[in-house]
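Each remark here refers to the structure printed beneath this line.
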2 protein chains.
Amino acid sequence: MSDDPARARPATSRAGYHHGDLRAQLIEAVRDLVETHGPDGFSVAEAARRAGVSSAAPYKHFRDRPEILRAVVSEGMDRLRAAMERGAAAHPAGSLEGVAAIGLAYVDFAKAEPGVFRLVFGLTEGHENAPDLREKGEDCYGVVLSAAAACLGLPPDDPDVERRAYMLWSFVHGHSFLTIDMKHAAPEGGIDDGAYLMAVSRAILGPKTF
Amino acid sequence: MSDDPARARPATSRAGYHHGDLRAQLIEAVRDLVETHGPDGFSVAEAARRAGVSSAAPYKHFRDRPEILRAVVSEGMDRLRAAMERGAAAHPAGSLEGVAAIGLAYVDFAKAEPGVFRLVFGLTEGHENAPDLREKGEDCYGVVLSAAAACLGLPPDDPDVERRAYMLWSFVHGHSFLTIDMKHAAPEGGIDDGAYLMAVSRAILGPKTF
DNA sequence: GCCCGAAGTGAGATGCTCTTACATATGTAA
DNA sequence: TTACATATGTAAGAGCATCTCACTTCGGGC
């Protein structure tokens, strides 16, 4: 850290005294720590260490520890919504397959990033005043809602659509959590998520059994 | 802490130098802190302060911070299972009402103790080697499993019973989490948990729609 | 009555959060 | 080019938490 200022860059894109991309790299470091050591297994200091900066640097980009977490969650919700939309777009509008694909994207996200997934839904305590996160949550729900509406041929604000969309969400959400928690004695040989979600979608959006 | 040894007892059952019931009181203090300030809003030091002992005292009863959390979770799971069993016992064996009552107990627990509830299902990271917790989880699932089996008139290890019990659990679990997270745009005017769970139980344990 | 183990104390090593004062880089304008 | 404003970094440190260690105090069994 004396003669050659370009040498010390720790395998990152650090140009010199200024980092250039610290904010994004901190988020990525925290995301990785959360996946590796659980939702609380990260520290601002460790993230800074990984980015190759002093432990005070992160506070130039984030107010405090919770704000970094919120940024990680926000970025995670963006990816979750994008995945759900990709699932929906891969099938004809209004098809049961589209609804099931949204659910599958949800479950796959939970399995791929259990730490972030848990964080997304466990960050409520102390983060009530985060309107952007709440809005992103609504956006995710909106994907389900409009797919269900298209499937039933009803407007998204129809009470019956809302009821069934909530049931779908609730089902998929529970299955996702149980899958990553492994607290369930899963039916013999595990579960075929695709077939499972297709069956659930059919049952909930089909004839009025509820 | 000098002249009158009996004076300093901080509204607890402290007899003198020895506390008498520190372990239980620490668990209770942590439980309260978790409910008030979220799953991570507690510290061993604060719990010790509340119990009126030095910050080193807790380590005579628990190896480390995670072990206290595990004790809180363990105690919480005991109460959850007890509540589920009470729900089941309040209705005829094999009735749909019994199954719905188990689900209602589950949701009610989540609403009453969201912090502990979240902890119970979020403690997997780093606590894999806690066979007692896993076993208590199995016990809870067992309540659902045998109620479903009785309802269907089949043995609890029947694959169909397992599939439907898992569906029930998944549904109730998702609903519980969504309720305490309020991440859902709940159907107008909220949800009548009792009716909702009864409908779900009927749909899942009824004729083979899945 | 004595001794031993269980349960508590105070001090301290280490690490994390976040603040403050200061240093360095970058862009814009004179 | 120089000069300044702003953004982004550093070093040092206050304050709190976890956990350890050596020591003290209590209660029960012999």
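Small disclaimer: the values here were computed from a predicted structure and weren't measured. Below, read A as the first sequence line, B as the second, and so on, with proteins coming before strands; counting in each chain starts at 1.
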Check: Which whole-number value in Å describes the distance from A:Phe62 CZ to C:dT17 C1'?
Finding: 15 Å
Next item on the list: Sequence neighbours left out, what passes side-chain hydrogen bond (donor to acceptor under 3.5 Å, both in side chains) with B:Asp78? Give chain and number order.
Entry: B:Lys136
Next item on the list: List for me each residue that meets side-chain hydrogen bond (donor to acceptor under 3.5 Å, both in side chains) alongside B:Asp32, sequence neighbours excluded, and say none if there are none.
Entry: B:Arg50
Distances under 3.5 Å between protein N/O atoms and the N/O atoms of nucleotides 12-14 of chain D, please, pair by pair.
none

Check: How many Å lie between CD on A:Glu67 and P on C:dC18, as a whole number?
Finding: 11 Å
Note to self: Rounding to an integer number of Å, can you tell me how far B:Arg49 CZ sits from D:dG15 C1'?
What the structure shows: 12 Å
Checklist line | Close side-chain approach of B:Val73 and B:Val116, heavy atoms under 4.5 Å | finding: no
Margin query: What contact category does A:Arg23 fall into here, base, sugar-phosphate, or nothing, at under 4.0 angstrom with non-hydrogen atoms?
Written below: nothing
Checklist line | Upstream residue (5' side of DNA chain C) when A:Ser43 and A:Lys60 are each assigned their closest nucleotide | finding: A:Ser43
Next item on the list: Rounded off to whole Å, could you give me the CG-to-P distance for the B:Leu69 and D:dC19 pair?
Entry: 11 Å
Next item on the list: Check the distance between D:dT20's C1' and B:Tyr59's OH and give it to me in whole angstrom.
Entry: 10 Å
Check: Can you name the residues that form a side-chain contact (heavy atoms from CB on, under 4.5 Å) with B:Ser43, not counting sequence neighbours?
Finding: B:Ala45, B:Glu46
Checklist line | Distance, rounded to the nearest Å, where B:His61 contributes NE2 and C:dG8 contributes C1' | finding: 8 Å
Checklist line | Nearest-angstrom distance from the residue atom CG of B:Leu33 to P of D:dA17 | finding: 11 Å
Checklist line | By salt bridge (charged side-chain N to carboxylate O under 4.0 Å, His left out) - contacts of A:Asp64 (at least two apart) | finding: none
Using atom types as modelled, flag every donor-acceptor pair under 3.5 Å from a side chain in residues 96-114 of chain A to any protein atom, sequence neighbours excluded.
from	atom 1	to	atom 2	distance (Å)
A:Tyr106	OH	A:His173	ND1	2.8
A:Lys111	NZ	A:Asp193	OD2	2.7
A:Glu113	OE1	A:Arg31	NH1	3.2
A:Glu113	OE1	A:Arg79	NH1	3.1
A:Glu113	OE1	A:Arg79	NH2	3.1
A:Glu113	OE2	A:Arg79	NH1	2.3

Checklist line | Separation of C:dT14 P from B:Asp64 CG (nearest whole Å) | finding: 19 Å
